[in-house]
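What follows is a short report on a single structure.
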Amino acid sequence: MQTKKSFNYWQWRVIICSMIGYSMFYFVRKNFSFAMPLLNKEFGISNAEFGAILTAGGIIYGVSKLINGIIADRTNARWHLVLGLSVCVAVNFIFGWSASLSAMFTGSASGPDFIGGLVTIMATLYIINQIFQGCGFAPCNHLMVSWVPPHELATKMSIWNVSHSVGAFIAAVICGYLTSWQMCFWVPATISLFGILFIIVSLRDTPKSVGLPELPRIEGELEEAGDKKEFRKFILHKVFLNPVIWILAITDLFVYVVRFAILDWGPSMLKGMGLSSALSGWTVAIFEVAGCAGMLCAGFISDKLFNSRSQRVCAVEMGLVALCLVALYFVQDMQQPVFFLILLALAGFFLYGPQALLGVIASNEVSKKAASSAVGLIGFMSYISTLITGYPLGKFADTYGWHSIFIIMAVVSVIGGLCVAILWNLKKKA
């Protein structure tokens with residue numbers, strides 16, 4: 001009884017503390033989207049140029065998630081998180097001095113050379129930031145599968161996934177009120193400094209690290225990961241040669257196309273459609289809040305009503321996302337944006353269910369010994385989405401405006417729903 005009580009305490013402590021820690025990564029990642037319209041206004045940097053930066057950074061982040069996923073299965077999660085967040089905070093402070101650095105390197109405070117230097121410096125910093133942002137989700141996923149048994153994973157992982165939306169929500173609200181692009185970097189970075197200290201003090205790794213028994217192994221799980229050759233063979237078989245993982249990865253690609261179209265371009269899109277900076281920030285923030293509610297409901301419904309068959313919940317919700325996006329296309333009048341906001345919130349509610357549950361399906365499929373590697377592969381595929389949502393979407397917006405993008409995203413949602421529906425009758429491994 002005492003061991004069970006202690007395990008429950010540490011389980012919830014790890015869930016809550018890792019949620020807070022991971023939300024800090026969003027403070028120093030999604031702030032760039034709010035700096036973009038301010039940089040555009042001050043320096044005339046185009047949406048296409050920003051899109052190219054987002055695409056390059058997104059691909060790098062995807063590769064980083066894949067590499068860090070494999071690393072996370074064999075490292076201490078607490079220090080993995082601390083390393084990543086520390087570098088991201090440092091880079092964001094440097095971001096605020098990008099204009100001064102460009103002036104120093106080019107010898108000019110204006111003109112094409114200065115702008116070119118500014119874009120190059122920001123692109124370099126953004127890529128470095130994205131490399132170390134990959135140290136965020138993978139160790140947190142390792143923590144979750146180490147502390148939460150499979151039959152509870154959908155519910156508790158959905159609770160944990162609220163951290164995405166909490167971080168993005170607070171960043172959106174704060175940055176929406178900042179009138180300087182430099183402050184969009186410095187303020188979130190200052191807050192995240194405290195996040196580093198919080199992770200060090202509060203978080204621990206596996207149950208074994210606090211003197212508690214590990215969770216029971218499931219069928220097919222590697223008993224020990226000490227032999228590198230055996231571990232590589234296990235990862236290859238369970239993850240990289242597993243068709244289920246590839247189907248989930250392709251589905252997540254389509255989920256993230258829709259998600260990034262709204263998160264990365266939301267502030268610019270909404271301002272271009274007539275909303276103020278503050279209202280744009282609140283609108284994107286409400287999209288995230290609705291996503292929180294959607295993740296919690298999706299996890300509960302999956303475990304309690306669908307007997308932990310999360311793929312069925314994902315397929316249904318992607319269809320509902322498509323309906324919301326089609327409806328958004330027909331909202332042309334932004335003088336009264338309430339109806340638009342409601343529809344966007346509903347889209348977030350349904351979209352964030354699959355965003356949370358696809359990793360749960362993968363983790364249960366491959367066992368806790370390979371879970372971070374599996375979500376790393378899925379994360380890599382999800383950030384291939386920036387090949388669509390980065391430069392191409394920015395160029396499309398420069399040429400045709402923002403509104404038609406909703407129809408494109410609706411089609412993407414339907415394709416994603418059909419992909420995950422292939423796994424409708426997938427047997428539970430746990």
Side-chain angles (χ1 to χ4, degrees), residues 54-55 58-59 61-62 65-66 137 154 157-158 161 164-165 168 242-266 287-288 290-291 294-295 297-299 301-302 306 309-329 343-365 374-390 392-393 396 404-426:
L54 292 174
T55 294
I59 297 299
Y61 180 54
K65 286 189 80 171
L66 174 60
F137 182 75
M157 193 68 184
S158 295
N161 266 283
H164 293 77
S165 297
N242 189 337
V244 172
I245 300 303
W246 282 104
I247 292 170
L248 294 171
I250 293 168
T251 302
D252 210 35
L253 166 66
F254 294 113
V255 170
Y256 269 72
V257 167
V258 179
R259 184 170 180 246
F260 284 161
I262 296 172
L263 283 185
D264 286 342
W265 293 107
F287 174 81
E288 289 290 339
M295 284 187 286
C297 289
I301 290 169
S302 175
F306 283 81
R309 293 181 184 271
S310 302
Q311 66 275 15
R312 299 183 178 184
V313 179
C314 294
V316 172
E317 289 201 316
M318 289 303 289
L320 294 172
V321 170
L323 291 176
C324 292
L325 292 168
V326 170
L328 280 169
Y329 172 76
L343 286 172
L344 191 64
L346 283 172
F349 180 89
F350 295 123
L351 182 66
Y352 277 53
Q355 190 251 320
L357 293 178
L358 291 171
V360 172
I361 302 166
S363 296
N364 282 337
E365 172 70 17
V375 297
L377 176 59
I378 291 172
F380 168 71
M381 285 296 292
S382 68
Y383 277 81
I384 296 294
S385 64
T386 57
L387 289 172
I388 300 169
T389 61
L393 213 57
F396 184 92
S404 298
I405 288 173
F406 293 118
I407 293 297
I408 297 172
M409 294 303 105
V411 173
V412 169
S413 300
V414 170
I415 297 171
L418 292 174
C419 284
V420 74
I422 295 171
L423 304 177
W424 189 270
N425 292 318
L426 179 69

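Just so it is clear, the structure is predicted and the values come from calculations on it, not from any experiment.
- At a threshold of 4.5 Å between non-hydrogen side-chain atoms, the residues F306 and R312 count as touching.
- A distance of 10.5 Å separates CD1 of I247 from CD of Q311, quoted to the nearest 0.5 Å.
- Between Y329 and I405 the shortest side-chain heavy-atom distance does not fall below 4.5 Å.
- To the nearest 0.5 Å, atom CG of residue L323 and atom CG of residue L328 are 11.5 Å apart.
- Side-chain contact between V257 and M409 is present, with heavy atoms from C-beta onward closer than 4.5 Å.
- Between S385 and L253, the closest heavy-atom pair is N-CD1, 3.3 Å.
- Atom OG in S413 sits 10.5 Å away from atom CG in L320 (nearest 0.5 Å).
- The distance from atom CG of L387 to atom CG of L54, rounded to the nearest 0.5 Å, is 12.0 Å.
- Sorted by first and then second residue, the ring pair (Phe, Tyr, Trp, His ring centres under 6.0 Å) pairs involving residues 346-365 (not counting sequence neighbours) are F287-Y352.
- We find the CD1-CD1 distance between I250 and I422 to be 8.0 Å, quoted to the nearest 0.5 Å.
- Atom CZ of residue F137 and atom OG of residue S382 lie 9.5 Å apart, to the nearest 0.5 angstrom.
- With hydrogens and angles disregarded, no donor-acceptor distance shorter than 3.5 Å links the side chain of D252 to the backbone of L248.
- The side-chain heavy atoms of S404 and F396, taken from C-beta on, include a pair separated by under 4.5 Å.
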Residue pair I245, E365: steps toward the side-chain contact (heavy atoms from CB on, under 4.5 Å) verdict:
CA-CA 8 Å; I245 300 303; E365 172 70 17; 4.2 Å; yes
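- Counting heavy atoms from C-beta on, the side chains of C314 and T251 never come closer than 4.5 Å.
- Considering all non-hydrogen atoms of both residues, R309 and L426 come closest at NH1-O, 2.7 Å.
- Remark: the backbone N or O of G299 is not paired with any side-chain donor or acceptor of S302 at under 3.5 angstrom.
- Across all their heavy atoms, P354 and V255 have their closest contact at CB-CG2, 4.2 Å.
- For A345 against A290, the heavy-atom pair with the smallest separation is O-CB, 3.0 Å.
- Heavy-atom minimum distance, L325 versus F406: O-CB, 3.5 Å.
- Considering only heavy atoms from C-beta on, Q355 comes within 4.5 Å of Y256 through its side chain.
- Between L358 and V420, the shortest heavy-atom distance links the atoms CD2-CG2, 4.0 Å.
- Under the side chain to side chain donor-acceptor pair (under 3.5 Å) criterion, E317 pairs with no residue, sequence neighbours left out.
- A heavy-atom distance below 4.5 Å is not found between the side chains of R259 and T389.
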